[in-house]
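Protein chains get the first letters and strands the later ones, always in sequence-line order, with residue 1 at the start of each. In this text, all values refer to a predicted model and were calculated from it rather than measured experimentally.
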Protein chains: 2
Amino acid sequence: MTTGQDTERAENGGRTVISVDAMGGDRGPAAVVAGLMICAERLPDAQFLLHGNESELKRLLARQPTLAGRVELRHADRVVTMHDKPSQIMRSGNGTSMWSTIDSVKNGEAGAAVSCGNTGALMAVSMLRLRKLPGVNRPAIACYWPSRNPSGFNVMLDVGADIKAEAADLLQYAAMGASYAKNGMQTARPRVGLLNVGTEEHKGRAELHEAHHLLGAAAEVSGYDFVGFVEGGDIPSDRVDVIVTDGFTGNIALKTGEGTAKLISDFMKEAFNAGWMSRFAALIAMNSLKRLARRIDPRLANGGVFLGLNGTVVKSHGSSDATGVAAAVELAHRLAKAGFTQSLAARVASAERAGQDAPASAGEAGSEE
Amino acid sequence: MTTGQDTERAENGGRTVISVDAMGGDRGPAAVVAGLMICAERLPDAQFLLHGNESELKRLLARQPTLAGRVELRHADRVVTMHDKPSQIMRSGNGTSMWSTIDSVKNGEAGAAVSCGNTGALMAVSMLRLRKLPGVNRPAIACYWPSRNPSGFNVMLDVGADIKAEAADLLQYAAMGASYAKNGMQTARPRVGLLNVGTEEHKGRAELHEAHHLLGAAAEVSGYDFVGFVEGGDIPSDRVDVIVTDGFTGNIALKTGEGTAKLISDFMKEAFNAGWMSRFAALIAMNSLKRLARRIDPRLANGGVFLGLNGTVVKSHGSSDATGVAAAVELAHRLAKAGFTQSLAARVASAERAGQDAPASAGEAGSEE
C-alpha cells in the first residue's frame, strides 16, 4: 500500500509536487517565494504549484531566475484572511488560494499542501475537500518540539485541531503520531506518552485513565512503546518521542513553550546589550550563541501537520519568514516522498481491524512502514 | 476586617510568626534550616515554628548560632512522603510534621505556613484543618510566573489544586488571584485574563464562554480589569497580571514552561562548553549570563500559595534548596504581615454579596485592600 495512484500521479517523472498557498500569511507572498528559493536549491526533485494572485506572483517570480521551470502558477482571485471564520470559508471559500491549494492534493496533482493561512479555515477546507480517513473521528494537528532526543525533536499532538478529545480519539492520535514520527523523523519504534498532571496512574481526568488503558493495549499492533503518563516537563525530554493530548491542552502547552522561549531569548538579548562590556562579551560568545539559537530556533520546527485526512497538509506559522516557509515545504516534501498519507491510512485501518477482531489479528499489522 | 484575632496572636509583640515544615522535601531538613538562615537576616521581625524530628533539627540548629532565639522546635514523629496518597494522610496524618505545621496556623500561633512536601497531601491536610472560606467551592494554587511586567512576575492560578473548574470556580479564581496580586506584588489594579486557545470570543470550550461573561461582569466589584481571553504565549506578557485557568491546564502550562526554561538553560551550558573558545567567551560573558539567570531563576519564583482557605499556606517546590526555601518563607512572611487571609476572606465575601444583590451593591466593595 505504500504507493497509491495519487502518489504516482503527484510524482510525475520522478518529481515530487508540492502545492503551496502563496497568500494569507502575515508577511505576504514575498516570504513564500523566498522560502521556495531555498527549497529549490535543497530539493532538486521538487516542483511547486503556487496558488494566489497571478500578476503579483509573476512579478515576484520574475526576479528569481532559479525558480524558472520549477513553479507553476495557479491564479486565485480571493484570499482567506486571519479574521475569516472557518464556517464562512467552508460555505464560500471556493475561489480562494487556500481552497485551490488543497484541491491540488485532492485531485492528485500534488503529493502534499502547505499554507501559512488561518489555521481554523485551513482545517475546515482540508476536512471538507479531502475528507477524513475511514475510521478517524477527529483529525489532529501534530507539531515538532525541540527536545533532548538525538533527532533534536519530539512530536506532539493534538495542538489545536479540536478543543476536546475522548479516550478513543486519544488512541487514534497515538497511532497517527507514531506513524508520523516514523515517517517524519525516522524513529524506528516511537515511545508514546499521554500528557497528564502526574505520572501515577490515579492522577488526572477519567477519560485519561480510559485512554491509558487503550493506549497500552494497542501499543503492539500500532508499532509503538507506551511509556504511560508524562508531565509538561517531559515534553522536551528524551524519555518519549510522541506526546498525546487533546487539542485544548496541546495548544496551550505549545504556545506556553513558545512564549517561554521567546521571553528567555529577549531577556538574553537585553542581558548581552547592557553596557559595552556585555556587548563585547556577546561578540566573543557569538559562535556559542549561534549554536544555541540553531537548537531552539522555532522556525526550524515550523510546520503543523494535519493527521487523519486523505492527503497531507502542512500548516506553516502565520508569521513565517523565508526560513520558516522553507522548513514547512521541506517537511511536506519529505512526507510526500515517503507516501505518508498511504502509510497513515494503512496504519489507521489496521489499528481499526485489530480493535474489531482483537486479539487474534494482532500479528497482521506493522509491516507497511 | 484587616486585623482578625488570629493575626494579632500570630504577631505577638510585633513579630511575624511563620510555621515551617522541616521534613518531606527532597533535600531534607538541612535545606530548610539553611533557608531559614537566609530569612533570619533579611526579616528581622520573623520568628519561626519549625516542625519535624527534634533530635535531627537540634543538631542542625546547634551549628547555626544566628538562628538562636528565632526558631522554636515542635517535635513530630512522622513524615509525609512523596508517595503517600492524600486520602491516606487525611485519615491518619495526625502526628506528621505537615499536619502540625498547618495546625499552628489553625490555632493562631502562626500567620502562615510553609512546606516542601507532597502537594496533594498538603492541600488535603490544609482543607481538612483550615476549612474552605465561606463561599469558596474549589480552593486554588497560585504561582508566580517570570514576566515582562515591571514587577518581574505575573500570577497564574489554578496550577494544580483541582483537575477541573466550572465557570463559577473560575470567577472565584479571578477574585482571589486579583487579591493575591495586590497583596503579594502590590499591583494596584490587576489586569485579569482567562486562558484559552484564542483571543476571539467564539474560541474554546463552553464553560470558558460562560466564565468570560462572569469575569467581565464582576470586574468592577472585585477590583480588577478584565482583559478577556489570553493565550499560552501571553502568560509571561505585560498585557496581563493574573492568568485564570483550571488546575489541569494550569499545571501542564506551568510544567511546560519550567521544562522549556530548563531545556534552554541546559542547551546554553552545552553551547558555552563546546571547546576552549566557548569557555573563554562564557568567562567574558559571565556578568551578562548571571544577569539573565537572575531574571529567570525558578527558585526566586518559588512558592505556590493555596487560596480559598481560612489561613495562608505556601507550597515550596519539593526539590527546593536554601535559596528556594528562603523565597517561599519570605513570601509567606509578606502575606502574613499584610493580613492576606483576612483581606482575601473579605474580598470573597463582598464578591459573593455582590453576586446576590447585584447590581445595587456594586459600590460597597473595594475598600479592604
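At least one side-chain heavy atom of H209(B) sits less than 4.5 Å from a side-chain heavy atom of F229(B).
Looking at K85(A), only its side chain comes within 4.5 Å of chain B, counting heavy atoms on both sides. Only the backbone of S147(B) has a heavy atom closer than 4.5 Å to any heavy atom of chain A. With a threshold of 4.5 angstrom between heavy atoms, I243(A) does not approach chain B through any atom at all. Neither the backbone nor the side chain of D234(B) comes within contact range of chain A; no heavy atoms are under 4.5 Å apart. Of the two parts of D162(B), neither the backbone nor the side chain holds a non-hydrogen atom closer than 4.5 Å to a non-hydrogen atom of chain A. With a 4.5 angstrom heavy-atom cutoff, H83(B) does not touch chain A via any of its atoms. Interface residue L263(A): backbone and side-chain heavy atoms are both found under 4.5 Å from chain B.
Of the listed residues (L194(B), D158(B), V192(B), L307(B)), just one forms a side-chain contact (heavy atoms from CB on, under 4.5 Å) with Y173(B), and that residue is D158(B).
Across K262(A), M268(A), R205(A), the residue that shares the most heavy-atom pairs under 4.5 angstrom with chain B is R205(A). Chain B forms the most heavy-atom pairs under 4.5 Å with one residue out of V197(A), T245(A), D266(A), and that residue is V197(A). Counting heavy-atom pairs closer than 4.5 Å to chain A, the top residue among P146(B), G160(B), G120(B), A253(B) is A253(B). With chain B as partner, the option from G204(A), P236(A), G232(A), G198(A) having the largest number of non-hydrogen pairs under 4.5 angstrom is G232(A). Between chain A and the options G233(B), S237(B), G259(B), heavy-atom pairs under 4.5 Å are most frequent for G233(B). Chain A forms the most heavy-atom pairs under 4.5 Å with one residue out of N196(B), I235(B), L195(B), and that residue is N196(B). Between chain B and the residues T249(A), L254(A), I163(A), T256(A), the largest count of heavy-atom pairs under 4.5 Å involves T256(A).
In this structure, CZ on F153(A) lies 12.0 Å from OG1 on T187(A), to the nearest 0.5 angstrom. From N251(A), atom CG reaches atom CD of E231(B) across 7.0 Å, with rounding to the nearest 0.5 Å. Rounding to the nearest 0.5 Å places CG of L170(B) at 7.0 Å from CG of L215(B).
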request  = Evaluate side chain to side chain contact (heavy atoms under 4.5 Å, CB included) for L208(B) paired with F248(A), printing each intermediate quantity in order.
outcome  = CA-CA 12 Å; L208(B) 286 176; F248(A) 184 88; 3.5 Å; yes
message = Using the rule given for salt bridge (Lys or Arg N to Asp or Glu O under 4.0 Å), can you reason through D246(B) versus R138(B), listing the C-alpha separation, both sets of side-chain angles and the distance that settles it, and then say yes or no?
response = CA-CA 10 Å; D246(B) 66 274; R138(B) 287 191 164 91; over 6 Å; no
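Within the cation-pi definition used here (under 6.0 Å to the ring centroid, within 45° of the axis), R191(B) does not qualify as a partner of F226(B).
Using modelled atom types, one finds a donor on one side chain and an acceptor on the other under 3.5 Å when comparing N137(B) with D169(B).
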